[in-house]
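I have placed the structure first, in the form of structure tokens, so that the comments after it can refer back to it.
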Protein chains: 4
Amino acid sequence: MGGMTGERRLGRPRSEGTRTAILTAALEELESGGYAALTIDGIARRAGCGKQTIYRWWPSKADVVLEALLERAETTIEIPDEGSLSDDLLAFLTATFRQRGQRPTLVGLMAQALLDPVFATAFKEKFLFRRRAALRVVLERAAARGELAEGADLELLMDVVYGVLWYRLLLDHAPLDEPAAERLAALIVRATR
Amino acid sequence: MGGMTGERRLGRPRSEGTRTAILTAALEELESGGYAALTIDGIARRAGCGKQTIYRWWPSKADVVLEALLERAETTIEIPDEGSLSDDLLAFLTATFRQRGQRPTLVGLMAQALLDPVFATAFKEKFLFRRRAALRVVLERAAARGELAEGADLELLMDVVYGVLWYRLLLDHAPLDEPAAERLAALIVRATR
Amino acid sequence: MGGMTGERRLGRPRSEGTRTAILTAALEELESGGYAALTIDGIARRAGCGKQTIYRWWPSKADVVLEALLERAETTIEIPDEGSLSDDLLAFLTATFRQRGQRPTLVGLMAQALLDPVFATAFKEKFLFRRRAALRVVLERAAARGELAEGADLELLMDVVYGVLWYRLLLDHAPLDEPAAERLAALIVRATR
Amino acid sequence: MGGMTGERRLGRPRSEGTRTAILTAALEELESGGYAALTIDGIARRAGCGKQTIYRWWPSKADVVLEALLERAETTIEIPDEGSLSDDLLAFLTATFRQRGQRPTLVGLMAQALLDPVFATAFKEKFLFRRRAALRVVLERAAARGELAEGADLELLMDVVYGVLWYRLLLDHAPLDEPAAERLAALIVRATR
DNA sequence: GAGTAACCGAGACGGTACGTCAAGTCTTCCA
DNA sequence: TGGAAGACTTGACGTACCGTCTCGGTTACTC
């Protein structure tokens, strides 16, 4: 399938420069004033483009931010394979917790997802559930190695990992650093024996 | 202490009826259209009062909703004391998970907290951290009974509990029912041995 | 007659001090911010009284200002009687033009009169037409002395005098000083021969 | 010269239909409820447009009314040239007094000018002083013909004419009809001999 | 190389909600 | 009853963005 070139459209093609300018402008606006102050008008002004150009390609400002985030983030989620659940988990959590620098962006996207069910679906599919899938691989490998107790609830384990991550990200009341990753990994390991 | 009535204020006193009408109207508006569609104008219209009256007493619409929630929720958080961590946790989680019926309200409040740092502080103090404090009592009792391993990270344990709760509340991808409470309680118990 | 004391009212009598404070406050507010910025709230705040006290005694803020103006202005309008129309007019106009110092107050009252027909009636009766009556005496004396041409239109003459006065007061495009009084007096005299 | 069309602006052009609708709505609102009851909200509602569209083009509601008035009034002020001051004045005053039908509009504009110095400037420039300029031509022609006494004060004469006009317009205590025009013209002629 | 189609910037448009202001009324306690 | 205090309903204010639209102008492909 694919057929990427098959559906060549008539007329002037989409301007790649403008697309990039919009994504960049969105992130800059977000950093300078926070997500609450983010507006389509503002993005358009900063990107030097018309509002219509934004509305033509994205259904909401959150989709712009999501695309910008996905573009700038590592496009591939690394799945460690060190041979033991303990090591894999530690590697995975350490890498994941490094995203905390993007807290304002992530928090803004989550806020939007909470307010807008349509965007929520996109956010889950394109972002949240892809991370979960990576973690699932780690856990399934551990299960195959017999490291997990019988009938372990993989879903719950994933929710523990991402629950702690997002809870700390959203409330900002406790660190998301390397020691935290170690303690959480240890907790998971203990819970699965 | 006392003297609560000593500081009787001059002028016409605040109308209790209006206050109640506003809180009720806020919850009704929230249920009928979701948090995103909640407006001060709408609350005032439904409550049959002026907007100014709302602005006089609450800094934002989220504060109105928060007060309404606190008023209607059980005012006291029950702290079980069954004699074992396992039973206490199960009781606590079962009671806590029953709040899932208020998902739209809670999700809306969280969204507002993510967008508005001032409200975030109020939300944490008046709601989130009070629940945490109750759970802390449960865990400390277990520690006193020697049920927890040396050097257990109470903060992390609480974040696991509330992380899972909020993560499922926000994403709505997995149940928050009694079996879930049982599994989560079991996981915590295993992790603390 | 009089019967001033006949209609003695029940209850606590009106506070003269408060009444004075309100009139003073009104003039001060007016001078400090102009008529457009005058508010009942502001007057009450400055006078240290409740709004209700103002509403109890005056129908509108303009009535407060009008009463303040009447109280502070010379309570009696002097009617010159020098023996000739020329001298009488000059004396009258010179005295009248001296009111130009109260331009902001007068302009504010006129604005209110233009917007509020009820106040307009009060303004005419208590202020404008009393001044006209004084001028009428001057003109009628001149007519009795045979200084006016047959069939002179006294109403028109008064409108010329007060028309010029108010037109310059309102537009503030030309002086209302002694030379202006002289020229206008001379014009009137020429026009009545 | 020319080039009027050269300065074509970017973006969607101003809607002439909306502009007309606003001006019409303003006059209708004014007629139906008087100037005091005129609101931007009301104009926008009646014109079927957004408030912003009004604010975009006019600084205040008075400016809307002024533009509406200027548009509907004879765009050119006729300057009679009959050969004598007497005839010219009579013609001018008769034509001018016919404006009395627009009393509510004119009174409202004057009220606004008294309360708002910024609008006052616009009102004088675009309306009041243009009428004065026409009268000045009449008087200067008379002076050139030798009909005016030496050293006649043209400014004062104009203030007499417009003073009487506005004084009667504002107070509404005496007619502004043809006989009044005749008497005022005669008075001016007598005063200038 | 003329025509067509979709893009682009700019910015005006009808709306909705915002948060503020003042108006005039009402309700409390105190003198 | 008068008066100070201050909460109340009401409604207009002027602003900010929303998402849509209408211009002139640009860039590709199609005939």
Side-chain angles (χ1 to χ4, degrees), chain A residues 8-15 17-19 21 37-45 47-57 59-61, chain B residues 8-19 37-45 47-57 59-61, chain C residues 9-15 17-19 21-22 37-42 44-45 47-57 59-61, chain D residues 8-19 21 37-45 47-57 59-61:
Chain A
R8 188 67 186 80
R9 303 260 289 284
L10 277 182
R12 178 176 175 177
R14 179 173 183 182
S15 157
T18 297
R19 182 181 156 276
L38 195 66
T39 66
I40 297 275
D41 278 300
I43 297 171
R45 216 175 302 125
C49 74
K51 284 197 293 175
Q52 193 63 262
T53 303
I54 299 179
Y55 283 113
R56 210 190 321 268
W57 302 108
S60 81
K61 64 185 178 184
Chain B
R8 184 68 187 75
R9 300 259 295 286
L10 280 180
R12 177 175 177 175
R14 179 173 181 182
S15 159
E16 182 55 31
T18 298
R19 182 180 154 276
L38 194 66
T39 66
I40 297 276
D41 277 308
I43 296 172
R45 219 174 299 125
C49 75
K51 282 195 294 176
Q52 193 62 57
T53 303
I54 299 179
Y55 283 114
R56 208 192 322 274
W57 301 109
S60 80
K61 63 185 179 185
Chain C
R9 302 261 291 284
L10 279 181
R12 177 174 171 180
R14 178 173 182 181
S15 157
T18 297
R19 182 179 155 277
I22 290 170
L38 194 67
T39 67
I40 296 275
D41 279 298
R45 215 174 303 124
C49 73
K51 284 198 293 176
Q52 192 61 263
T53 305
I54 299 179
Y55 283 114
R56 208 190 320 272
W57 301 108
S60 82
K61 64 184 178 185
Chain D
R8 184 66 186 77
R9 300 260 295 286
L10 281 181
R12 179 174 174 176
R14 178 173 182 182
S15 159
E16 182 56 30
T18 297
R19 183 180 153 276
L38 194 67
T39 66
I40 296 275
D41 277 308
I43 297 172
R45 218 175 300 126
C49 74
K51 282 198 292 178
Q52 194 61 54
T53 303
I54 299 178
Y55 284 113
R56 206 188 328 267
W57 301 109
S60 79
K61 64 184 178 183

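Here is the naming used below: chain letters follow the sequence lines, and residue numbers restart at 1 for every chain. Any value given below was found using the heavy atoms of this structure, including those in side chains, with hydrogens, waters and symmetry copies removed.
The CD-C1' distance, from B:E16 to F:dC8, rounds to 15 Å in whole Å. Atom P of nucleotide E:dC7 and atom CD1 of A:I54 are separated by 15 Å, given to the nearest angstrom. As a whole-Å value, the separation of D:R9 CZ from F:dT22 P is 19 Å. Residue D:L38 contributes atom CG, which lies 17 Å from atom P of F:dG11 at whole-angstrom precision. In this entry the distance linking CH2 of B:W57 with C1' of E:dG19 reads 18 Å, nearest Å. Regarding C:I40, its CD1 atom lies at a distance of 9 Å from the C1' atom of E:dG24, rounded to whole Å. Residue B:Q52 contributes atom CD, which lies 13 Å from atom C1' of F:dC13 at whole-angstrom precision. Per the geometry, CG belonging to C:D41 stands 18 Å off P belonging to F:dT10, to the nearest Å.
Side-chain nitrogen and oxygen atoms of C:T53 include at least one within less than 4.0 Å of the OP1 or OP2 phosphate oxygen of F:dA4.
Contact annotation for D:G48: backbone-only contact, meaning every heavy-atom pair under 4.0 Å involves sugar-phosphate atoms and none involves a base. Backbone-only contact: C:R14 has heavy atoms under 4.0 Å from sugar-phosphate atoms and none from a base. Using a 4.0 Å heavy-atom distance criterion, D:T39 is classed as a sugar-phosphate-only contact.
Residues D:W57 and D:R19 are not in side-chain contact: their nearest non-hydrogen atoms beyond the backbone lie 4.5 Å or more apart. The shortest side-chain heavy-atom distance between D:K61 and D:T39 does not fall under the 4.5 Å cut-off. Side-chain contact between C:I22 and C:T18 is present, with heavy atoms from C-beta onward closer than 4.5 Å.
Of the listed nucleotides (F:dG14, E:dA17, E:dG14), E:dG14 has the atom at the smallest distance from the side chain of D:C49.
Nucleotides of DNA chain F nearest to D:Y55 and A:G42 differ in position, and the one nearer the 5' end is that of D:Y55. Residue whose closest nucleotide on DNA chain F sits further toward the 5' end, between C:S15 and B:R56: C:S15. Taking for each of C:P59 and D:T18 the nucleotide of DNA chain E with the nearest heavy atom, the 5'-most of the two is the partner of D:T18.
Between C:C49 and C:I54, the shortest heavy-atom contact is SG-CG1, 4.1 Å. Annotation for D:A47 and D:A21: closest pair CB-O, 3.7 Å, computed over non-hydrogen atoms.
Checked by distance alone, B:R12 brings a side-chain donor or acceptor within 3.5 Å of a matching partner on the base of E:dC26. A donor-acceptor contact under 3.5 Å is formed by the side chain of A:K51 with the base of F:dG19.
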